[in-house]
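Side-chain atoms are counted along with the backbone in the values below, which use heavy atoms only and exclude waters and symmetry mates. Bear in mind the structure is a predicted one, so any value in this text is a computation, not a measurement. Lettering follows sequence order; numbering is per chain, from 1.
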Protein chains: 2
Amino acid sequence: MATGRTHRPATRSRGIPEATVARLPLYLRALTALSERSVPTVSSEELAAAAGVNSAKLRKDFSYLGSYGTRGVGYDVEYLVYQISRELGLTQDWPVVIVGIGNLGAALANYGGFASRGFRVAALIDADPAMAGKPVAGIPVQHTDELEKIIEDNGVSIGVIATPAGAAQQVCERLVAAGVTSILNFAPTVLSVPDGVDVRKVDLSIELQILAFHEQRKAGEEAAAADGQVPPAVARKASADKGPDGDVPAVMPA
Amino acid sequence: MATGRTHRPATRSRGIPEATVARLPLYLRALTALSERSVPTVSSEELAAAAGVNSAKLRKDFSYLGSYGTRGVGYDVEYLVYQISRELGLTQDWPVVIVGIGNLGAALANYGGFASRGFRVAALIDADPAMAGKPVAGIPVQHTDELEKIIEDNGVSIGVIATPAGAAQQVCERLVAAGVTSILNFAPTVLSVPDGVDVRKVDLSIELQILAFHEQRKAGEEAAAADGQVPPAVARKASADKGPDGDVPAVMPA
DNA sequence: CCATCTTTGTGCACGCGTTCACAAAGACAT
DNA sequence: ATGTCTTTGTGAACGCGTGCACAAAGATGG
């Protein structure tokens, strides 16, 4: 039982940086939108704007995949969609199980973005016997007892954990033992997994806390600006200042 | 209307690196668990293990906040909980609005992790008139028409967008115009916001796609290993090999 | 009061990711 | 065919984040 590693230290499969891999889905989405509008080619500048990144970064990202562009013209949209899909492994269909069909699990089951991108919800699993058989998003929920059988019968290698924090580690271990090697974890816990298993974590409250930090910082700078130190970038409504005032730190007007 | 910036380029408010800020909530969660078990002090090594990070990294992170540890002993749990909470701005209560009460929005409204950490759901907003008045997680849903009034009356500065992609940008603009300066975006779109507004993006399908990439890579290495190039790290069930076979790239056994 | 032992705080080096800036490559017009 | 113009692909520099390794600091025991 290894210590919980969330991120691979030195992945770099055939030389594609992790940061680039994380952006490929972004490019793919922008390209798909262009494809639906029957746009034949796109320049790095345009595509970068659509994906919200720097154009040089985008070109370097694509350079890791090969030379798929034409100088003076840009990139062929359809061809690029195919190449990125292939690189991400989306030309095949990945069966996925979702464990924990609470509010979040149900939302995930209903999320359209899965089916559209090479993922297929193979099964919904919940520990509550009362849920068993009840259809969610058109798929009947199955009991946790069936977990191992479901994984093996469907050749599932990707599992989504949407259980309460307390159950996550146990579910994780059962998934891994049954053959799952990639886990998307929505439970607010650090999962311990053996080497060779990938875990990605999505934590709603962490994201909010990061926003709160920046929000507080903005409020602090604003207070400093009112002191005449820094010109305020944007004039904020005075009424909104009511928000951050609980205990403004260090830089209080005194 | 500036080009959509998702991440702050050179934030570093008073010297706290962005990467550190992103880990503070992680430490805070681990510390809270210790606090509930009435553990008085904790060493960097123990806490790092609980949070799933390197101990040196943890110590360096804390060093940005100040010298809160005692050499030879460790960190005082309660004190550290307070310091991190304060740094993240969680000693005050942040009113938050959730826009788009579909499956995901409802899941977010029900998510317990919010209230427990300084966040308060001030309002649920949806464009569907049929939803208006219907209680979700004990809070009545309000119509989009009320958006501006709600934001201003409650001094809301953090908004969560859980609408379909098509509506996201428009909702975003209304939120910002009404005074929101931090946005957590669950819609699969790149949002354009003016300077001074923070956007964080959570994209379920992107996370899955990244997992699929690594999963495919593992399958490829496995095939190579079967050729006798690399010793297989973990013996996988033969039945599971059924998964990745659609069109294995480059490194096929031929 | 001194020695020893534990654990923090950090200087330093290294590697990854980002960005700039430009040469090479191709399209297109003449 | 030749020149011009656009856009890619990438070399190089820079900055951030990470992890090692150790000195400084304090606790603890004699």
Side-chain angles (χ1 to χ4, degrees), chain A residues 3-24 26-27 31 34 39-77 79-80 83-84 87 210, chain B residues 3 5-24 26-27 31 34 39-77 79-80 83-84 210:
Chain A
T3 309
R5 288 200 359 261
T6 292
H7 241 341
R8 168 145 335 74
T11 298
R12 275 305 187 59
S13 63
R14 194 161 54 264
I16 301 184
E18 190 62 27
T20 295
V21 172
R23 281 188 294 268
L24 289 181
L26 223 60
Y27 302 146
L31 284 164
L34 291 173
V39 177
T41 61
V42 66
S43 72
S44 64
E45 203 71 49
E46 292 168 318
L47 185 55
V53 300
N54 183 298
S55 71
K57 194 188 297 189
L58 179 142
R59 286 197 300 275
K60 181 146 288 192
D61 283 342
F62 285 174
S63 79
Y64 291 116
L65 309 183
S67 288
Y68 294 149
T70 307
R71 296 172 191 230
V73 177
Y75 299 90
D76 182 283
V77 172
Y79 187 59
L80 206 45
Q83 290 299 341
I84 295 180
E87 196 67 47
I210 296 172
Chain B
T3 310
R5 288 200 359 261
T6 293
H7 242 339
R8 169 144 337 74
T11 299
R12 276 305 186 61
S13 63
R14 192 160 57 263
I16 301 185
E18 190 63 24
T20 295
V21 172
R23 280 188 295 268
L24 289 182
L26 223 58
Y27 302 145
L31 284 164
L34 291 173
V39 177
T41 61
V42 66
S43 72
S44 64
E45 202 71 47
E46 292 168 318
L47 185 54
V53 302
N54 183 297
S55 71
K57 195 188 296 187
L58 178 142
R59 287 197 299 275
K60 182 150 291 189
D61 283 342
F62 285 174
S63 79
Y64 291 117
L65 309 183
S67 288
Y68 295 149
T70 307
R71 298 174 189 228
V73 176
Y75 298 91
D76 182 281
V77 172
Y79 187 58
L80 206 46
Q83 290 299 341
I84 295 180
I210 296 171

Taking [atom1] from [X] and [atom2] from [N], how many angstroms apart are they, rounded to a whole number?
X     : N      : atom1 : atom2 : result
B:D61 : C:dT8  : CG    : P     : 14 Å
A:Y75 : C:dA27 : OH    : P     : 15 Å
A:L47 : D:dT7  : CG    : C1'   : 14 Å
A:D76 : D:dT8  : CG    : P     : 13 Å
A:L80 : D:dT8  : CG    : C1'   : 13 Å
A:E46 : D:dT8  : CD    : C1'   : 14 Å
A:L58 : C:dT19 : CG    : C1'   : 14 Å

Quick one: what's the B/S/- string for nucleotides 19-25 of chain D, heavy-atom cutoff under 4.0 Å, read 5' to 3'? BBB--BB

Does some side-chain heavy atom of [Y] sit less than 4.5 Å from a side-chain heavy atom of [X]?
X     : Y     : result
B:L47 : B:F62 : yes
A:L65 : A:L24 : yes
A:E46 : A:Y75 : no
A:R23 : A:L58 : no

Steps toward side chain to side chain contact (heavy atoms under 4.5 Å, CB included) verdict (A:E87, A:V21): CA-CA 9 Å; A:E87 196 67 47; A:V21 172; over 6 Å; no

Closest approach to the side chain of B:S63, judged atom by atom: which nucleotide of D:dT8, C:dT18, C:dG9 is it?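 So the side chain of B:S63 is nearest to C:dG9.
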
A:S44 side chain near D:dT8 phosphate (N/O to OP1/OP2, under 4.0 Å):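 Yes.
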
Report the residue (A:V73 or B:E45) whose heavy-atom-nearest nucleotide on DNA chain C is the more 5′ of the two.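 First, find each residue's nearest nucleotide; the 5'-ward one identifies B:E45.
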
To the nearest 0.5 angstrom, please state how far the OG1 atom of A:T20 sits from the NZ atom of A:K60.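 With rounding to 0.5 Å, OG1 (A:T20) is 9.5 Å from NZ (A:K60).
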
